[in-house]
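Quick notes on the structure that follows.
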2 protein chains.
Amino acid sequence: MNKKKKITIQDIARELNTTISTVSRALRDHPRISVETRERIKKYALEHDYQPDFRAASLRQGSARTIGVLVPRIDIHFFARVLRGIDEVASENNYNVLIIQSLDSLTKEINLVKSLVYGKVDGLIASISIETHDGEHFKPLINKGVPLVLFDKVLDDVDVTKVIIDDHYGAYIAVQHLINQGCKRIGHFAGPQYLNIYKSRKQGYLDALKDAGLKIEESLIFEDMLVKERGYEIMGQVHKMENPPDAIFSSNDFAVVGAIMRAKELGIRVPQDIAFTGFANEPMDEIVDPTISSIEQNPVKMGKEAARLLIEQMEDKKTAFYPKTVTLKPSLVVRQSSLKKSIVSV
Amino acid sequence: MNKKKKITIQDIARELNTTISTVSRALRDHPRISVETRERIKKYALEHDYQPDFRAASLRQGSARTIGVLVPRIDIHFFARVLRGIDEVASENNYNVLIIQSLDSLTKEINLVKSLVYGKVDGLIASISIETHDGEHFKPLINKGVPLVLFDKVLDDVDVTKVIIDDHYGAYIAVQHLINQGCKRIGHFAGPQYLNIYKSRKQGYLDALKDAGLKIEESLIFEDMLVKERGYEIMGQVHKMENPPDAIFSSNDFAVVGAIMRAKELGIRVPQDIAFTGFANEPMDEIVDPTISSIEQNPVKMGKEAARLLIEQMEDKKTAFYPKTVTLKPSLVVRQSSLKKSIVSV
DNA sequence: CATTTTCAAACAAACGATTGCGCATCAAAT
DNA sequence: ATTTGATGCGCAATCGTTTGTTTGAAAATG
């Protein structure tokens, strides 16, 4: 047990026979403090490992240098990655990150957001819960001038900066890639269409086919829950078709895993007989056999972008602020499940 | 734009012709405030959605009701799950959670810990970086009376509460399970032995064999880096052995994925010809085919336990505190890769 | 009627830092 | 010799709460 007491700026002042203002200024390299006293004070502070009290400083300064992040769940891979990006930019800029989870409950989200007003955070980055359909509970925050950035799942009725992913584009390049691999009859595992992301992805699929002059066949579009088990079952149906697809673009990766599993059982070769491209680039994509081609959403980049935009807004209080929507382009990660050409050439 | 101004306790006092102390007490249901004034003040506060300034309150009270969590990386599944558990207990108890990542850099860890002293957090839950070999940088924190709980990767030279996993037990029950499935020649994929966790797991493996009266064969123990690629290669070697094992207990799941992949290529059936049990219960375990039996470390429980212990220590400042080490028992999750018996009986 | 007890509300001092302003001091310029 | 201008430092207010101590008036007591 060294010293249990916290050492404050006042202690230093007393010990060194000066005043707290001088100590404060010396520690912050104020020009009007002589070099000697500055050194003397800094030396003392270092030796007694003084650290300014965070609460006092932030109370006085009106800023806690803390950004709040609201996510549905912290242990969903996508959000964990986004958080990684946010944290990186935040700590580069000397901001703390306070994370809160809604657990996809609107009630919890409302309470959490309310508790954030006043001092806890200087700004908020949020991805709303699945139950959230309007942004009423964000209004007080916005009115009080707390900068807000929404990402991934966003709201139309709040006029703030947003960072989203171009789902349409992601689907488009996925399908384009399959076409480039020589596929002619490309099917689609579509998610529930009341969710915007799945709607956009389907549209991207359709547009890619159209632009390539390929015929759209409704029988090749399977709208379903995109889980492994369903992928498995649908593949069974596909196998019985008299004119089956030679490729599938799936709106997520889990359905692909199931489909590939069934394909293997049925002796259908992937990608030779049927190629697959998924969406989301889940970690398992490079674990399974064959590895799965997918669309990388760059969650880390998303987090970084959101954090950058928020910090920009927080620090630039002078110039008028106009919310903007940043749309990130996802990218294609080619793996074995769609790589027909190189297999042919080998 | 409603009201941009933050409303404080003073504003309320002014408007209601009373004093700030009365307002403060009224809002906190102090008995010495008459029911009428209390109601009057509460009503006003509610209507103007007053929220106490977090910084001012915590400065005055000496507590920020915030617990810090230090992890190597937030986007590692295990840590994300632990964080989930911590957050759950923390928010039940009205604590905020401030997350910091060391990114497995000791330098970063030291700086982060230093920045936490004084006011930012009232307590810290930490899992050290891979570069950390002593707890010198935690000493100032401890000396200043900031409660600390270490989890998962812990240090011997700091005398604080620790939450760890019983690796030996996990390995033991995994091997026991293989024995129960009728396996007689059980091999082991051992990780690098300079890491405690892998050493304990190997010992658990050895003890389980010994206790079951099974012979230990050095040739069945493969000490290697536990990645998918190495698992794949080792399986190749195993296949060439004249007396190959009928089961493998692996110290992680990735090596199992590789091994199973190779086994399938070689026409070795899993689990009929060779059974597998991994360790860590990675999400992919139920994705791959066959699904992989593994040891669940219960990270969420670990987080909850750590948070509970920390809060207990933070709030119970009166009674003398003695650090304790809590060892969590992992559990076995049986899946296809090790389930010989039921396959036989089907 | 004088004195004590109660109760509700006001006063004021913290918490620990930041910061505008003012007061010295001393050298240089007028 | 006086003004000017740096320079170095101290005073005191301030951020928004919480909380120990007083005050003042009404109620209870003798």
Side-chain angles (χ1 to χ4, degrees), chain A residues 5-42 44-45 48-66 94 115-122 144-146, chain B residues 5-42 44-45 48-66 115-122 144-145:
Chain A
K5 275 305 293 166
K6 308 185 165 193
I7 156 168
T8 76
I9 215 172
Q10 341 228 13
D11 298 329
I12 303 184
R14 185 170 7 84
E15 287 308 307
L16 263 41
N17 282 317
T18 177
T19 62
I20 54 171
S21 53
T22 303
V23 176
S24 173
R25 283 193 250 259
L27 292 173
R28 323 183 77 241
D29 285 319
H30 191 286
R32 298 286 286 271
I33 301 294
S34 71
V35 195
E36 309 101 75
T37 38
R38 197 186 308 176
E39 288 312 318
R40 201 163 56 101
I41 291 171
K42 283 195 167 180
Y44 188 96
H48 296 71
D49 57 41
Y50 162 82
Q51 288 281 119
D53 185 291
F54 172 73
R55 297 159 301 192
S58 68
L59 171 61
R60 182 61 233 263
Q61 295 182 142
S63 154
R65 284 204 89 79
T66 299
N94 267 89
S115 82
L116 283 186
V117 214
Y118 292 142
K120 245 181 223 173
V121 302
D122 305 320
K144 261 142 205 157
V146 179
Chain B
K5 275 303 294 166
K6 307 185 166 192
I7 157 168
T8 74
I9 217 173
Q10 342 223 17
D11 299 328
I12 303 184
R14 186 169 7 83
E15 288 308 309
L16 263 41
N17 281 317
T18 178
T19 61
I20 53 171
S21 53
T22 305
V23 176
S24 172
R25 289 193 166 101
L27 292 172
R28 325 182 75 240
D29 285 319
H30 191 284
R32 297 286 287 273
I33 301 294
S34 69
V35 194
E36 309 98 80
T37 37
R38 199 187 306 178
E39 289 311 317
R40 201 163 55 102
I41 290 171
K42 281 194 168 182
Y44 187 95
H48 295 72
D49 60 40
Y50 163 82
Q51 288 282 120
D53 186 290
F54 171 73
R55 296 160 301 194
S58 69
L59 172 59
R60 182 60 235 259
Q61 295 180 143
S63 156
R65 284 204 88 77
T66 299
S115 82
L116 283 185
V117 214
Y118 293 144
K120 244 181 223 171
V121 302
D122 305 318
K144 261 141 202 155

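Values reported hereafter were calculated over all heavy atoms of this structure, with side chains retained and with hydrogens, waters and symmetry mates removed. The chains referred to below are lettered A, B, ... by the order of the sequence lines, with proteins before strands, and numbering in each begins at 1.
- Separating the CG atom of Asp53(B) from the P atom of dC15(D) is a distance of 11 Å, rounded to the nearest angstrom.
- OP1 or OP2 of dT19(D) sits under 4.0 Å from a side-chain N or O of Arg28(B).
- dC15(C) atom C1' lies 13 Å from atom CD1 of Ile20(B), rounded to whole Å.
- Across all strands shown, Leu59(B) has heavy atoms under 4.0 Å from base atoms, whether or not it also approaches the sugar-phosphate.
- If you measure from atom OH of Tyr50(B) to atom C1' of dG16(D), you get 7 Å, rounded to the nearest angstrom.
- For the side-chain hydrogen bond (donor to acceptor under 3.5 Å, both in side chains) test, no residue two or more places apart in sequence or in another chain qualifies with Ser24(A).
- Closest non-hydrogen pair, Arg55(A) versus Leu59(B), comes out as CD-N, 4.0 Å.
- Atom CZ in Arg32(B) sits about 16 Å away from atom P in dG24(D), given to the nearest Å.
- In this structure, the side chain of Arg25(B) does not engage the main chain of Arg32(B) through any donor-acceptor pair within 3.5 Å.
- OP1 or OP2 of dC9(D) sits under 4.0 Å from a side-chain N or O of Thr37(A).
- Across Ile33(A) and Arg38(A), no two heavy atoms sit closer than the pair O-NH2, 3.0 Å.
- We find that NE2 of His30(A) is positioned 11 Å from C1' of dG8(D), with the value rounded to whole Å.
- Not one side-chain nitrogen or oxygen of Ser21(B) sits closer than 4.0 Å to the OP1 or OP2 atom of dT17(D).
- As rounded to whole Å, 14 Å separates atom P of dG20(C) from atom CD1 of Ile33(A).
- Across all strands shown, Ser34(A) has heavy atoms under 4.0 Å from sugar-phosphate atoms exclusively, and none from any base.
- Between Thr19(A) and dC9(D) there is no side-chain polar atom (N or O) within less than 4.0 angstrom of OP1 or OP2.
- Taking only distance into account, the side chain of Arg25(A) meets the base of dG10(D) through a donor-acceptor pair shorter than 3.5 Å.
- Rounded to a whole Å, the CD atom of Gln51(A) is 15 Å from the P atom of dG16(C).
- For Leu27(B) and dT19(D), the CG to C1' distance is 15 Å, given to the nearest whole Å.
- Taking the nucleotide of DNA chain D with the nearest heavy atom to each of Ala56(B) and Thr18(A), the more 5' of the two is matched to Thr18(A).
- Side-chain contact check for Val23(B) versus Tyr50(B): every heavy-atom pair is 4.5 Å or farther apart.
- At dA10(C), one or more side-chain N or O atoms of Thr22(B) fall inside 4.0 Å of OP1 or OP2 (strictly under the cut-off).
- One cannot find a donor-acceptor pair under 3.5 Å joining the base of dC15(D) and the side-chain atoms of Ser58(A).
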